[in-house]
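Everything on this sheet refers to the single structure shown next.
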Number of protein chains: 2
Amino acid sequence: MTITQNIKVAVDAVVFGYNSTDGLSILLIKRKSDTFHGTWALPGGLVHEGESLEQAVTRELNEETGVSINYLEQLYTFGKPERDPRNRVVSVAYYGLVKPDIFKLKAATDASDVAWFEVKKLPTLAFDHNEIISEAIKRLKGKITYEPIGFELLDEKFPFSELEKLYMTVLDRPLDRRNFKKKIMKFGFLEETNEKQSLSGAGRPGNLFQFNQEKYFQLKKEGINFEI
Amino acid sequence: MTITQNIKVAVDAVVFGYNSTDGLSILLIKRKSDTFHGTWALPGGLVHEGESLEQAVTRELNEETGVSINYLEQLYTFGKPERDPRNRVVSVAYYGLVKPDIFKLKAATDASDVAWFEVKKLPTLAFDHNEIISEAIKRLKGKITYEPIGFELLDEKFPFSELEKLYMTVLDRPLDRRNFKKKIMKFGFLEETNEKQSLSGAGRPGNLFQFNQEKYFQLKKEGINFEI
DNA sequence: GCAAAAGTGTTTCAAGTACACCCATGT
DNA sequence: ACATGGGTGTACTTGAAACACTTTTGC
């Protein structure tokens with residue numbers, strides 16, 4: 001019954017960023033170590049002795065990419081014996097969402113070893129990272145329909161069309177503008193401001209909206225259930 | 001960057017059994033090792049080097065309880081540094097469902113160190129196992145509403161009322177008999193047989209039904225979505 | 001014959017879906 | 001003036017919810 005186990009525990013992060021022109025993107029890093037050298041991979045690494053899994057993800061993200069995360073949730077744990085060719089590594093995958101300013105910022109700072117890739121144009125990744133990403137996308141699709149986490153990918157204040165486009169992008173299907181707005185506004189946690197969007201090109205500028213999280217939590221406690 | 005990590009990887013299993021008299025129950029074992037000696041806990045243990053996480057759960061369940069599982073799904077990974085007082089253990093929790101015959105069988109064989117506990121009458125458990133169970137129940141509640149996994153807790157053939165009671169027990173709310181039956185039967189994967197229930201007491205015996213899994217998978221491919 | 005459980009339809013109400021025209025701005 | 005994107009309401013259809021009496025069996 002005395003087993004000397006030598007399995008490493010790692011975390012990996014699927015970080016999503018969004019804007020209406022590029023769609024949904026994922027943050028990747030180019031590997032520097034021998035295994036899969038030069039290959040793109042998810043940010044992540046071994047968990048330290050004294051830290052929680054969430055702390056490990058946050059730390060690794062900060063070390064490897066410099067981004068700080070806005071919304072973070074555990075996704076799934078990947079543990080096939082052969083998933084790392086060197087030794088046995090069990091990886092607890094997380095997925096996270098960042099606001100557009102962080103998304104934009106890093107796209108600029110880009111030192112060619114950290115980059116955003118549109119989910120439609122992902123390269124082949126190291127280890128089982130493509131599989132992890134496809135699970136993350138599946139989860140995001142599901143989650144966004146019954147929890148209003150979409151706001152975590154938008155600025156504090158945003159035109160309504162941005163939210164609509166986001167949902168269409170993530171769910172990968174068209175949505176009726178009027179019906180979508182009716183549904184969202186009925187919940188009561190989205191507030192309309194008086195400010196107007198500063199549109200880049202032509203078109204009528206729309207009002208800006210903001211998500212009221214406290215109101216949402218309150219409504220949730222009272223038993224509303226958000227669903228798209 | 002060379003970190004000598006000494007974290008152990010374990011698996012724990014929340015195994016659900018069901019019958020209409022006792023309701024929903026969970027399989028627990030009484031601990032024999034020093035830490036938490038004599039305390040009830042979830043079956044589980046350290047993952048071996050060459051096996052997958054699923055294999056580890058199945059093996060541990062077999063070694064510790066003798067039950068073989070019918071439906072198994074990863075739940076969540078628990079990794080707080082202090083969750084095991086001895087050393088750092090990250091535990092990948094699974095939940096599983098067993099058919100009534102296995103549920104019954106083990107209740108009889110019971111050597112007082114393996115037992116079923118009704119979810120309403122759980123003792124205080126070792127480690128963070130109470131927390132794991134409450135997550136498992138939450139997940140089961142959610143899952144059973146959008147995937148027909150309830151059948152994994154019933155016999156091959158069962159009276160319709162069993163399914164109805166199961167849903168009421170798990171969801172912890174009343175359901176209208178006629179509306180529930182309408183909804184389930186509309187999907188088309190539940191088949192009515194000519195056999196009749198052999199009722200123990202008084203009452204009109206009902207027809208037995210069976211779940212047609214192939215038909216369900218086919219319908220799922222064609223894009224139905226089950227939802228209660 | 002009475003208690004226990006199963007079987008069965010209709011009506012009402014709420015939510016989902018489909019759909020088209022006008023408005024404000026930039027060029 | 002025209003191209004671009006934003007804003008808005010109604011009619012129709014479908015699904016959800018509420019609801020009560022009859023039938024078969026054991027005792």
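Numbers restart at 1 for each chain; the letters A, B, ... are given by sequence-line order, proteins then strands. Only this structure's heavy atoms are used, side chains among them; waters, hydrogens and symmetry mates stay out.
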Side-chain heavy-atom pair A:L208, A:P159 within 4.5 angstrom cut-off: yes

Do B:Q74 and A:Y76 have side-chain heavy atoms sitting under 4.5 Å apart? yes

Smallest separation among heavy atoms of B:F209 and B:M185, with atom names: CE2-CE, 3.8 Å

Please list, in numerical order, the residues of residues 185-193 of chain B that have a heavy atom closer than 4.0 Å to any atom of DNA chain D. none

Side-chain-base donor-acceptor pair under 3.5 Å for A:R177 and D:dG7: yes

With a 4.0 angstrom cut-off to heavy atoms of chain B, pull out the first and last contacting nucleotide of DNA chain C, in 5'-to-3' order. C:dA4 to C:dT10

Check: A:V98 and A:V15 side chains under 4.5 Å, non-hydrogen atoms: yes

A:K182 (side chain) and D:dT10 (base): donor-acceptor pair under 3.5 Å: yes

Check the angle between the aromatic planes of B:Y95 and B:F16 and answer parallel, tilted or perpendicular using the 30° and 60° thresholds. perpendicular

Pair A:R59 + A:E63: basic N to acidic O under 4.0 Å: yes

Listed pairs under 3.5 Å, donor-acceptor, residues 216-223 of chain B side chains, sequence neighbours left out:
{"residue": "B:Y216", "atom": "OH", "partner": "B:E147", "partner atom": "OE1", "Å": "2.9"}
{"residue": "B:Q218", "atom": "NE2", "partner": "B:E222", "partner atom": "OE2", "Å": "3.3"}
{"residue": "B:K220", "atom": "NZ", "partner": "B:E147", "partner atom": "OE2", "Å": "3.3"}

If you find the nucleotide of DNA chain D closest to A:N179 and the one closest to B:G203, which residue's nucleotide is nearer the 5' end? A:N179

Do A:D12 and A:Y94 come within less than 4.5 Å of each other through their side chains, counting heavy atoms only? no

Nearest heavy-atom approach of B:R83 to B:I132 is NH2-CD1, 4.2 Å

Students often mix this up, so state it plainly: with edges at 30° and 60°, are the rings of A:W116 and A:F103 parallel, tilted or perpendicular? perpendicular

Taking every heavy atom of A:T65 against every heavy atom of A:P43, the minimum-distance pair comes out as CG2-CB, 4.0 Å

Please set out all donor-acceptor pairs under 3.5 angstrom arising from side-chain atoms of residues 160-170 of chain A, sequence neighbours excluded.
{"residue": "A:E162", "atom": "OE2", "partner": "A:S20", "partner atom": "OG", "Å": "2.9"}
{"residue": "A:Y167", "atom": "OH", "partner": "A:I144", "partner atom": "O", "Å": "3.1"}
{"residue": "A:T169", "atom": "OG1", "partner": "A:K165", "partner atom": "O", "Å": "2.8"}

Write down the distance between CG (B:N207) and P (D:dT23), rounded to a whole number of angstrom. 17 Å

Among residues 160-175 of chain A, which contact DNA chain D at a heavy-atom distance under 4.0 Å? A:S161

What class does the angle between the rings of A:F189 and A:F187 fall in, given that below 30° is parallel, 30 to 60° is tilted and above 60° is perpendicular? parallel

Please report the distance, rounded to the nearest Å, between CZ in A:R178 and P in D:dT10. 11 Å

Roughly what angle, to 10°, lies between the helix axis at the start of the helix from C:dG1-D:dC27 to C:dT27-D:dA1 and the one at its end, five pairs per end? 0°

Start at the 5' end of DNA chain D and walk down; is the nucleotide closest to A:D176 or to A:R204 reached first? A:R204

